[in-house]
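Please read the structure below before turning to the comments.
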Protein chains: 2
Amino acid sequence: MDAIDLNLVDLLRNNARLSYAELARQVGLSAPAVHERVGKLETSGVLRGYRADVEPEAVGLGVTALIGIVEDSGADTDDVLAAFRNMPEIESCYFMAGVESFLLKARVGTIAELEQLIVRLNRTPGVASTRTSIALSTKWENRPQPVSPPAA
Amino acid sequence: MDAIDLNLVDLLRNNARLSYAELARQVGLSAPAVHERVGKLETSGVLRGYRADVEPEAVGLGVTALIGIVEDSGADTDDVLAAFRNMPEIESCYFMAGVESFLLKARVGTIAELEQLIVRLNRTPGVASTRTSIALSTKWENRPQPVSPPAA
DNA sequence: ACCATCCGTGGACGCCATCGACCTCAACCT
DNA sequence: AGGTTGAGGTCGATGGCGTCCACGGATGGT
């Protein structure tokens, strides 16, 4: 992970569809060299994948909610996690310090669907209680923060 | 936005670096047709961009926190937002229903940097109080949820 | 029935991805 | 010191891809 790798990561974070040739131009190496570096960043796990950033409303997911979860005292955290993993509406899942063990970010199409999700969460074994906050609007999300100050 | 468009969106959400030729094979059209469709999805704002998904620890951002913000009674929300926008550590910013007007997701390298961020937030004009929860681990994040059930 | 429009296909051409051969340099061993 | 080794780069070649263009078939309005 030298400065060129960080530069590549940065470029791909801002536009994952850049060609290797273009990346090569930007970092001042040849295309095969960049190809090999990116390959190593992928296999080493630094680059986990490439995702299109989609306007949620456009695909019928206009409701965003953040849900805190309090676990039962004797709950098996792995089982709870597995249950959450089977709910596709849960886009993100953080294991938190504090009374609420989990913080979930969920995205659904309607308030009715959110209600159904909350009911399912409360029925999940190991879940003691849920606390849901609705996002009125998303100002921004997953903004990539610059990782390499010296962009040559 | 027909079924083929949804299919394309789905494919690009899971791998934004797929070639047009490959996309064409998967949806059963020619490459130029796919090229044009994707172009329209981009200009219409459905596809906002393409991002590499980076392991945060690998780029020195091992600490994730979620921060609730209570605004002053007379605060100018736009000014507060602008201040947040200038803090690159804030990766996501939701405007919420409830006492806490904003929910921020921030990512920093160390607890010390988190402390500095919280101090800066509390000093920001319009911010009455902050409530920070630290994520001990991220189970998953921004998992794309399937948007087109019939992947014919 | 006609025409305009939309959306697709197929062909062409230049650029890109990717492989292999070779080069350079630094580290290390003897 | 000199030789060896390995990592990581360049260059050149080739097959596939991106992208432009001309063309064609369905659809809907008049």
Side-chain angles (χ1 to χ4, degrees), chain A residues 1-61 142 144 146-152, chain B residues 1-61 142 144 146-152:
Chain A
M1 279 294 286
D2 60 5
I4 292 182
D5 281 340
L6 286 175
N7 210 331
L8 288 172
V9 167
D10 232 24
L11 289 165
L12 285 170
R13 265 230 280 217
N14 285 291
N15 183 2
R17 279 183 80 78
L18 285 177
S19 67
Y20 290 114
E22 184 58 31
L23 290 170
R25 275 186 287 269
Q26 304 242 3
V27 302
L29 287 182
S30 64
V34 167
H35 189 260
E36 188 179 345
R37 276 173 179 264
V38 171
K40 284 181 182 172
L41 288 169
E42 287 169 354
T43 59
S44 72
V46 176
L47 291 172
R48 293 188 292 206
Y50 306 96
R51 307 243 181 91
D53 178 16
V54 174
E55 173 82 32
E57 286 82 359
V59 293
L61 295 173
N142 301 121
V147 81
S148 61
Chain B
M1 278 293 286
D2 60 6
I4 292 182
D5 281 339
L6 287 175
N7 211 330
L8 288 172
V9 167
D10 232 25
L11 289 165
L12 286 170
R13 264 230 281 216
N14 285 291
N15 184 1
R17 279 183 79 79
L18 285 176
S19 67
Y20 290 114
E22 183 58 31
L23 291 170
R25 275 187 285 270
Q26 304 243 3
V27 302
L29 288 182
S30 64
V34 167
H35 189 258
E36 189 179 343
R37 277 174 177 263
V38 171
K40 285 182 182 170
L41 288 169
E42 286 169 355
T43 59
S44 72
V46 176
L47 291 172
R48 293 188 292 205
Y50 307 96
R51 306 246 180 91
D53 179 16
V54 174
E55 174 82 32
E57 286 82 359
V59 293
L61 296 172
N142 302 119
V147 81
S148 62

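Here is how names work: the chains are called A, B, and so on, in the same order as the sequence lines, proteins then strands, and each is numbered from 1. Everything numeric in this text was worked out from a predicted model, so none of it was measured.
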Given atom [atom1] of [X] and atom [atom2] of [N], what is their separation to the nearest angstrom?
| X | N | atom1 | atom2 | result |
| --- | --- | --- | --- | --- |
| A:Arg37 | D:dT10 | CZ | C1' | 14 Å |
| B:Ile4 | C:dC6 | CD1 | C1' | 14 Å |
| B:Asp2 | C:dG8 | CG | C1' | 12 Å |
| A:Leu29 | D:dG8 | CG | P | 12 Å |
| B:Met1 | C:dC6 | CE | P | 19 Å |

From CZ (B:Arg25) to OG (B:Ser19), nearest 0.5 Å: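 Result: 6.0 Å between the selected atoms.
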Between CG on residue A:Leu29 and CD1 on residue A:Ile4, distance to nearest 0.5 Å: 4.5 Å
Using nucleotides 24-27 of chain D, report all nitrogen or oxygen pairs with the protein that are shorter than 3.5 Å.
none

Which atom of B:Arg13 lies closest to which atom of A:Arg51, heavy atoms considered: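 Nearest pair, atom of B:Arg13 first, then A:Arg51: O-CD, 3.2 Å.
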Where B:Leu41 and B:Val9 come nearest, the two heavy atoms and their spacing: CD1-CG2, 4.0 Å
Heavy-atom check, side chain of A:Glu22 versus side chain of A:Asn15, under 4.5 Å: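 Side chain of A:Glu22 against side chain of A:Asn15, heavy atoms only: no contact under 4.5 Å found.
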B:Asp53-B:Asn142 side chain donor-acceptor pair, cut-off 3.5 Å: no
Side-chain donor-acceptor contact under 3.5 Å, A:Glu42 with A:Tyr50: yes
Phosphate OP1/OP2 of C:dC7: any B:Lys40 side-chain N/O under 4.0 Å: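 Checking B:Lys40 against C:dC7: at least one side-chain N or O falls below 4.0 Å of OP1 or OP2.
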From A:Asp10, A:Asp5, A:Leu6, residue fulfilling side chain to side chain contact (heavy atoms under 4.5 Å, CB included) relative to B:Val59: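 Exactly one option meets the side chain to side chain contact (heavy atoms under 4.5 Å, CB included) with B:Val59, and it is A:Leu6.
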Between protein and nucleotides 16-23 of chain C, what N or O pairs are separated by less than 3.5 Å?
| unit_1 | atom_1 | unit_2 | atom_2 | d |
| --- | --- | --- | --- | --- |
| C:dC16 | OP1 | A:Arg25 | NH2 | 3.4 |
| C:dA17 | OP1 | A:Tyr20 | N | 2.8 |
| C:dA17 | OP2 | A:Tyr20 | N | 3.4 |
| C:dA17 | OP2 | A:Ala21 | N | 2.8 |
| C:dT18 | OP2 | A:His35 | NE2 | 2.4 |

